[in-house]
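Read the structure below first, then the notes.
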Amino acid sequence: MRKILLVAAREYRQITRMRSFWLTLLILPFAFAIAPLAQRFMGDDEPRRVLIIDQSGGDAGRALQGQLELEHGREVLNSLSRYVQRHKLEGADPKALWSQHDRWYADGEVRRFNAQGGSAPALARLKAHAPEGTPDFDPPPPDYQQVPVPPAIARAPASELDARVQPLLKPEGKDAEPVDYIVQIPADFSRNGAVRLWTTGEPGIRFAATVQDVLTRSLRKTWLVANGTAPDVAEAASSVAPSLMISKPPPGGGAKEAMLVRSILPLAASYLLMMALMLSGSWMLQGTVEERSNKLLETVIATVTPEELMYGKLLGTVAVGLTMIAVWIGCGVVAAYATQGAIADMIRPALAPLTSPGTIAAMIYFFIAGYLAISIFFLAVGAISDSMNEAQGYLMPIILAILLPITLLIQGVLEGGKGIGVTILTWVPIWTPFAILARLGTGIPAWEVLGAGLLLAAFVALELIMLGRLFRASLLAQGQKPGLSELISRMRRQDP
Amino acid sequence: MNSTGDIALSLDQVTKRFGAVTAVDRLSFDVRQGEVYGFLGGNGAGKTTSLRMVLDIIRPTEGRIAVLGLPPGRDNAAAIGFLPEERGLYRNMTAIDTIVYFGRLKGMSAADARREGLTLLDRFGLSANSKSTIAQLSKGMAQKVQLATAIVNRPRLLMLDEPFSGLDPVNQGLLEDEIKRAAAGGATVVFSTHVMQHAERLCDRLLLLARGHKKFEGTLDQARDLLPARLSVVSRQSLAALPGVERVEEGAELGGGWRECVLHLQPGVEPGDMLERCFAAGIALRRFEEHRPSLHDVFLHMVGPAEARA
C-alpha cells in the first residue's frame, strides 16, 4: 500500500504541476467571477421602443400598453422578492407581496403593487429595516418604452402607412433611435381582427404573445358585447382564466422508494464527472506514454509491481479529479453563500436540497466508481501506446463510444428521464455513473440505484483484473502495435 | 549448485520461453556475496532476460531463482539496486526528487533518501543541480542521476544491465569507480556487458552466454586458459619439433641467422614448460614472450565470430 501511495503522490504532483491543470481548474471559478459582468455586457439592457397606432378607438391600444406595464411591474416585484430573500428582510413586512418568495404573482397583485407606487414605498420600508451595509436594490430596467405616435403617422391613410413607418424603423442620422416595434390596430379591427406589426428584425416571442393575448381578449369582449352580452359581463368573460394549482413533492424529498434531488446539481455532477474524467484521464495517459517513451518503466517496475504502479496511477488520477471537483464545488458554495447576484441566486437553491446523507453517499460512490471505470481505459491505452499519436488513435473511438450516448442520455434526462434508452444506459456499467447521477434529478427507484451500483462495482473489479493483465503484459512490449487478438491474449495472460 | 549461505544470487536450471522462442535455456550459476560478476554475451544472448527474471519483472518458465536467499520479488527491493539498459527519468522531476522517489520506493524514509541523494549528487559533482529538473540537465548529468537512483539505498546486490552503453568516457570512469566502491563496501555486483575490456578490469568471475546457453563460468584466468597460449620467439633453430608445439608461424629474418616466429602451444602446455624444453635442447633464444589470449579472443572462440558481432 505504501508503494501505491508513493506512486499516486508522484502522479498527483506531476499532473498538478502542469499549466493545463491550473488553467482548467481556474476556468470554472473564473466563469463564476465574470458571469455577472458578462451578463451585463452580453445582455441588452436597452428597452425596446414600441409605437402603438390604435385607429380602432383606443381601448385595445391602452390595454396593450397596460399589459406591458403590468409585466414590467411583475418583473420588478420578482426582483424585489429575491432581494428581500437574499438579505433576509422579510421582517420589514412579513405580509407584503415581496416577502412571499418563489411564487407566481397574479395580475391583480401586480396591479395593486403598481398602484401603490411600485418598488419606491417598499424600498422605504426595507431601508428602515435593513442592517448597515445592505446594498441598494437595483430594479430591472423596463423591457419596453412607449413612443408617442407622430401626427403624420396618426393621420396617414392606411394605404400610405407602410411607407411612412419605414423612416421610424430605419431612421437616418447618427443619433436617431429606431422604433423596434410598430403595432397598427386598424379601425375595422373589431370586424376582421387583423393587426399589423412592423419590426426591425425577428419579433420577440414574448412581445408577439403579449400582443396576441391582449388583442384576443379585446376581440372577444367586443364580440360578446355585439352579441348582446352586458359590457361588464363581457369584460369578465374575456379575462376569465383557470387558476392552475400545482402540487409537487417538497425539495429533496418526495416518494419514499425513489431517490430524488430536486436540483440541477445531479445533472451538473454528471457533466463535471465527464469533464474531469476526460481531462485527468488525458493527463494520466500522457504520463503513462511518457514513462514508456522515456524508457523509465523498467526502472520503476524493478521496485514496484505493475499492479502497484497501475493502482497508484489510478489513485493519483482519482485524487486529481476529486481535487478539481472539490475546488469547483467550493467555488460554487462560495459563489452561492458569500456573494450576491444572479449566479448566487441560481446555485443556492441547487445546493439547498442536498441534506440526505444517502443521496450524498450515492453521488460520491457513483462519482468515484465512474472515475475508476473510465480511467482504467485511459491507463490501458497508455500502456499499449509508444507515443501520444498512437494513443490518440486508440482513444478517439473510446471517447466517442463513451461521450455520444452520454449526450443522448442527458437529453433524455432533461425530457423527463423515463425513456427506455435512459434505463438501458443506466444498466451498462460504463454509462451507469453518468446515468445515475443525471437521473437523481428526476427521481430514480432506490432498487435501480442499488442494482446498478453493484453491477458497476463488479465491472470495475473485472476491469481491474483484465486491464491489469493487459497493463502488465504491455509495459515492456515496445515497438509492436498490438492487434485485437494480441490485446485479448494479453488480457488472458496471467503470468508476466 | 553451491548451497552455502554466502550466495547472493542463484539460478538453478532456469528456462524462459517467449512462445516458440527460448531466450534462456537451463541456466544455472551462483554469485557469491561481495563478488563482481560479469554477464557476457552478444545481443540476444539472454542477459537482459536473465536479469529481468532475477528482478521478477518477468517470470521463468522453468527453474528456480534465489535472490539474497529469497525468491524474486519486490520484498527485497530495499537491498537491490538496478540500472537498466534502457534508461530514462521523469523529465519534470528535479534531480533530488527523482533520487528521493526511487529511494522511497525501495523502502527508505524521505529524510534518509534525501540525505543519501544529496551525498551522491555531491560525489558526482551535481550539488548545484540538485533542484534542476531532469529536462534541464545534460545527458551526462542525467546519466549520473540515474546511477544515483540505483545506488541510493546502498544495495547489497547491485545489478547493472549494459551499464557502460551510451556513457561518455568520463561517466564510464565514474561508473567503474562506483562499481569498485560498492564491491569494496561488501556489495555483490552483477553486470551484463558485451564490452570485454570492462569485464576484464572489473570482474572476479564471468558467465559467458550465447543464445540462452551458458558457455563458460569462471575467473578471467580460467577463461584465458580455455585458449592455448602463444609465444613470440627469436631463435636460430626451428622449434616445430619440440614437444607441446602445435604449430609455428614463421616470421621475419632478423639477420645473423636469427628468425622471428610465433609458437602455438598445445592445450595444457605452459609457457614455462616450453622454456625448459628449449634450454634442455640447447636452443639459443634472443626473445621469449608470452601472449595470453584476451577475453575478447575467448569470447570469439566460444561463440563464434557471427554471434559475437550480433
Side-chain angles (χ1 to χ4, degrees), chain A residues 1-21 283 286-309 311-313 316 386 469 471-480 485-486 489-490 493-496, chain B residues 16-19 48-49 51-61 67 72-94 97-98 100-110 113 133-135 142 145-147 149-150 152-153 155 159 161 166:
Chain A
M1 191 62 197
R2 181 178 177 273
K3 289 183 180 179
I4 293 174
L5 292 176
L6 281 169
V7 173
R10 199 211 69 78
E11 197 74 18
Y12 184 85
R13 275 199 300 272
Q14 167 158 323
I15 293 176
T16 53
R17 279 177 187 167
M18 295 167 90
R19 277 191 204 135
S20 53
F21 169 80
W283 290 322
Q286 203 175 324
T288 309
V289 171
E290 185 198 350
E291 278 170 353
R292 281 171 66 81
S293 56
N294 278 359
K295 299 173 179 175
L296 53 82
L297 265 177
E298 202 170 356
T299 312
V300 177
I301 58 173
T303 51
V304 300
T305 61
E307 287 79 7
E308 287 170 332
L309 181 62
Y311 293 140
K313 283 178 164 294
D386 288 336
R469 288 178 187 168
F471 186 73
R472 190 175 53 197
S474 304
L475 282 181
L476 294 174
Q478 284 187 325
Q480 47 201 1
S485 59
E486 171 61 18
S489 154
R490 288 182 190 178
R493 208 177 295 161
Q494 292 192 21
D495 270 335
Chain B
K16 179 65 185 178
R17 292 187 201 98
F18 295 103
T48 299
T49 302
L51 290 183
R52 284 181 177 177
M53 285 192 286
V54 169
L55 290 161
D56 196 38
I57 292 172
I58 53 175
R59 305 239 164 93
T61 313
V67 185
R74 277 75 178 177
D75 294 341
N76 48 18
I80 294 176
F82 175 56
L83 188 68
E85 179 181 6
E86 293 199 322
R87 284 157 233 155
L89 296 166
Y90 294 104
R91 291 176 55 76
N92 294 326
M93 279 177 97
T94 65
D97 284 349
T98 302
V100 170
Y101 176 61
F102 282 101
R104 295 196 71 195
L105 285 180
K106 292 174 184 180
M108 299 175 82
S109 71
T133 61
I134 299 301
V145 174
Q146 181 102 43
L147 176 61
T149 63
V152 62
N153 55 327
M159 292 197 288
D161 191 3

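Here is how names work: the chains are called A, B, and so on, in the same order as the sequence lines, proteins then strands, and each is numbered from 1. Atom set for the values below is all heavy atoms of this structure, side chains included, hydrogens, waters and symmetry mates excluded.
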query = Donor-acceptor pair, B:N92 side chain versus B:A135 backbone, under 3.5 Å?
reply = no

query = Could you name the residues of residues 2-11 of chain A that have a heavy atom within less than 4.5 Å of a heavy atom in chain B?
reply = A:R2, A:K3, A:L6, A:V7, A:R10

Closest non-hydrogen atom pair between B:G103 and B:A113, with its separation = CA-CB, 4.2 Å

key: Flag, side chain of B:N76 to backbone of B:V67, donor-acceptor distance under 3.5 Å   = yes

task = Give the member of B:D161, B:L105, B:T149 that has the highest number of heavy-atom pairs under 4.5 Å with chain A.
result = B:L105

query = Looking only at heavy atoms, which two atoms of B:D97 and A:R17 are closest? And how far apart?
reply = OD2-NH2, 4.2 Å

inquiry  = I need the minimum non-hydrogen distance between B:P155 and B:I80, along with the two atoms involved.
reply    = CB-C, 3.5 Å

Under 4.5 Å from a heavy atom of chain B, the part of A:R13 involved = neither

ask   = With respect to chain A, which residue among B:M159, B:R104, B:K106 yields the maximal number of heavy-atom pairs within a distance under 4.5 Å?
value = B:R104

note = Max heavy-atom pairs within cutoff under 4.5 Å with chain A, candidates B:G107, B:A78, B:A150, goes to B:G107

query = Under 6.0 Å from the six-membered ring centre of B:F18 and within 45° of its axis: does the NZ or CZ of B:K16 meet both?
reply = yes

inquiry  = Strictly distance-based, threshold 3.5 Å: is any side-chain N or O of B:T61 a donor or acceptor partner for the main-chain N or O of B:R17?
reply    = yes

inquiry  = Please verify the inter-ring angle class for B:Y101 with B:Y90; under 30° counts as parallel, over 60° as perpendicular, anything in between as tilted.
reply    = perpendicular

